[in-house]
Amino acid sequence: MKKPIILAIETSCDETSIAIIDGDNKLHSLVTNTQMEVFAEIGGVVPEMASRMHVDNILPIYEQALAEAKMTIDDIDCLAVTSGPGLVGALLIGVNFAKTLALVNNKPLISVNHLHGHIHALDLEHEVKYPHLSLIVSGGHTELIYMAKRGSYQKIGQTLDDAAGESYDKVARILGVGYPGGPVIDKLAKDGQDTYDLPMPKNDGSLDFSFSGLKSASFNTANIAKMKGQEINHNDLACSFQTRVVTTLINKMELAINQYNPVQVSIVGGVSANSELKKQAKERLGEVIIPSIVYSTDNAAMIASSALVSYELGEFSNGLELNANPSMHI
Ligand code: KG4
Ligand code: ZN
């Protein structure tokens, strides 16, 4: 089979991103525009605004991605696009752009599950071995995925309520320390102690997660202190919250490793940038592969890499019938 050149598009949330890779997972260009600064001022993503910014950005980013790869559309063998999960309006910009490109240029199209993308970010920098266990931790998802072989995905655990990244963002908001909350809380926690008596989330033998109780307990701690006119120590609360989130994530990974015996383990998604998570993973689980930050937060290189798996398996989308699916599962 000829090794393809793939151009992939990602617009599922607040990043407009286009990447070009070849059949060896070598990246020829990656251009990403993040709307993070706009939404940092507002304190969260406004879906309608995100969609409008994708519309403004997608064509210049497409042209830049081709220029940086020193290619034209004629060099591209296949197009790929994230079709879910994500914000429906945002997804539709990428999906319709990709469908149009595919139709006008007569190229095959691959639909990519954003979560598969987070996992295949690993292929850009690592030799991934199977059976493999991956923890996906992002703003929208917390899932344990077992892969018996390349291209096979079995969800063996998931959050029953908030995702880990979402709970970071919400606790940061209540403390008024900024958005996105993950990096801010991570930084605050470095100078804090685990002094607040918060509950350990879903501390049981299952592989599922639940972060809403810990989030509410953190809110209550901050609010009760405020009502009593007491100072809340942001560093200590950040540290107490983070210790419990990370310890829970590693506990569940440990359980999954014992049950499934993978030969390699990874952590992917935006929260994998967390310093305490990296530390505990190394101490307790041994070798865990984690993508570089540029590939762990939303980007199109990971979508291209995931599309390569589908290409190898001959899994193409039915062109014009492709639609966005905001609640797509693994
Ligand atoms: O994967 P991602 O870029 O987007 C989604 O698909 O959701 O993940 C974004 C999430 C946000 O919730 C953000 O707060 C979190 O990743 N995050 C972190 C850190 N850096 C980003 N969470 C904890 N610690 C960090 N250092
Ligand atoms: Zn993501």
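Counting starts at 1 for both ligands and their atoms, following the listed order. Note that this is a predicted model, so its numbers are computed, not measured. Numbering of residues begins at 1 and proceeds along the displayed sequence.
Note that OG of Ser272 is 7.0 Å distant from CD1 of Ile267, once rounded to the nearest 0.5 Å.
Scanning the protein for heavy atoms near atom 10 (C) of ligand 1, the closest one is Gly139 N, 3.5 Å. Looking only at protein heavy atoms, the nearest one to atom 25 (C) of ligand 1 is Gly182 C, 3.6 Å. What sits closest to atom 26 (N) of ligand 1 on the protein, heavy atoms only, is Asp186 OD2, 3.1 Å. In terms of protein heavy atoms, atom 17 (N) of ligand 1 is closest to Gly270 O, 3.6 Å. Annotation: atom 24 (N) of ligand 1 to nearest protein heavy atom, Asn274 ND2, 2.9 Å. In terms of protein heavy atoms, atom 2 (P) of ligand 1 is closest to Asp298 OD1, 3.6 Å.
Here Asp161 does not pair with Lys215 in a salt bridge; the nearest charged N to carboxylate O distance is not below 4.0 Å. Note on Lys3 versus Asp22: no salt bridge recorded, every NZ/NE/NH1/NH2 to OD/OE distance being 4.0 Å or above.
Remark: the Thr11 side chain and the His54 side chain contain no N/O donor-acceptor pair separated by less than 3.5 Å. Using modelled atom types and a 3.5 Å distance limit, the side chains of Asp208 and Ser206 yield no donor-acceptor pair. Under the 3.5 Å distance criterion, with hydrogens and angles disregarded, a donor-acceptor pair is assigned to the side chains of Glu10 and His114. With no hydrogens or angles considered, a side-chain donor-acceptor pair links Asp186 and Ser275 at under 3.5 Å.
Heavy-atom separations between His114 and ligand 1 include at least one value shorter than 4.0 Å. The shortest separation from a heavy atom of Cys13 to ligand 1 is not under 4.0 Å, leaving the residue out of contact.
Atoms of ligand 1 lying under 4.0 Å from at least one heavy atom of Gly140, given by number and element, are 7 (O). Counting atoms of ligand 1 from 1 in the listed order, those under 4.0 Å from a heavy atom of Ser138 are 1 (O), 5 (C), 6 (O), 7 (O), 8 (O). Listed by number with element, the atoms of ligand 1 under 4.0 angstrom from any heavy atom of Thr297 are 3 (O). Taking every heavy atom of Pro180 and a limit of under 4.0 angstrom, the matching atoms of ligand 1 come to 14 (O). Per-residue contacts place Gly165 under 4.0 angstrom from the following atoms of ligand 1 (heavy atoms of the residue considered): 12 (O). Counting atoms of ligand 1 from 1 in the listed order, those under 4.0 Å from a heavy atom of His118 are 1 (O), 6 (O). Near Ala273, meaning under 4.0 Å from any of its heavy atoms, are these atoms of ligand 1: 26 (N).
With hydrogens and angles disregarded, no donor-acceptor distance shorter than 3.5 Å links the side chain of Ser83 to the backbone of Ala324. Put simply, the side chain of Ser296 gets close to the backbone of Ile293: a donor and an acceptor are under 3.5 Å apart.
Both Ile290 and Ile250 are part of a single hydrophobic cluster, where members link through side-chain heavy atoms under 4.5 Å apart.
Grouping Ile, Leu, Val, Met, Phe, Trp and Tyr by side-chain contacts under 4.5 Å, direct or through others, puts Leu320 with Leu103.
Legend: residues meeting ring-ring contact (aromatic ring centres under 6.0 Å, His included) with Phe39, ordered by chain and number and at least two apart, are absent. Residues satisfying the ring-ring contact (aromatic ring centres under 6.0 Å, His included) test with Tyr146, not counting sequence neighbours, are Tyr260.
Of all the heavy atoms in Leu237 and Ser218, the pair that sits closest is CD2-O, 4.1 Å.
Within the protein, the N, O or S atoms sitting under 2.8 Å from the Zn ion (ligand 2) are His114 NE2, His118 NE2, Asp298 OD1.
Nearest-residue assignment for atom 13 (C) of ligand 1 (options Asp169, Ile185, Val271; heavy-atom criterion): Asp169.
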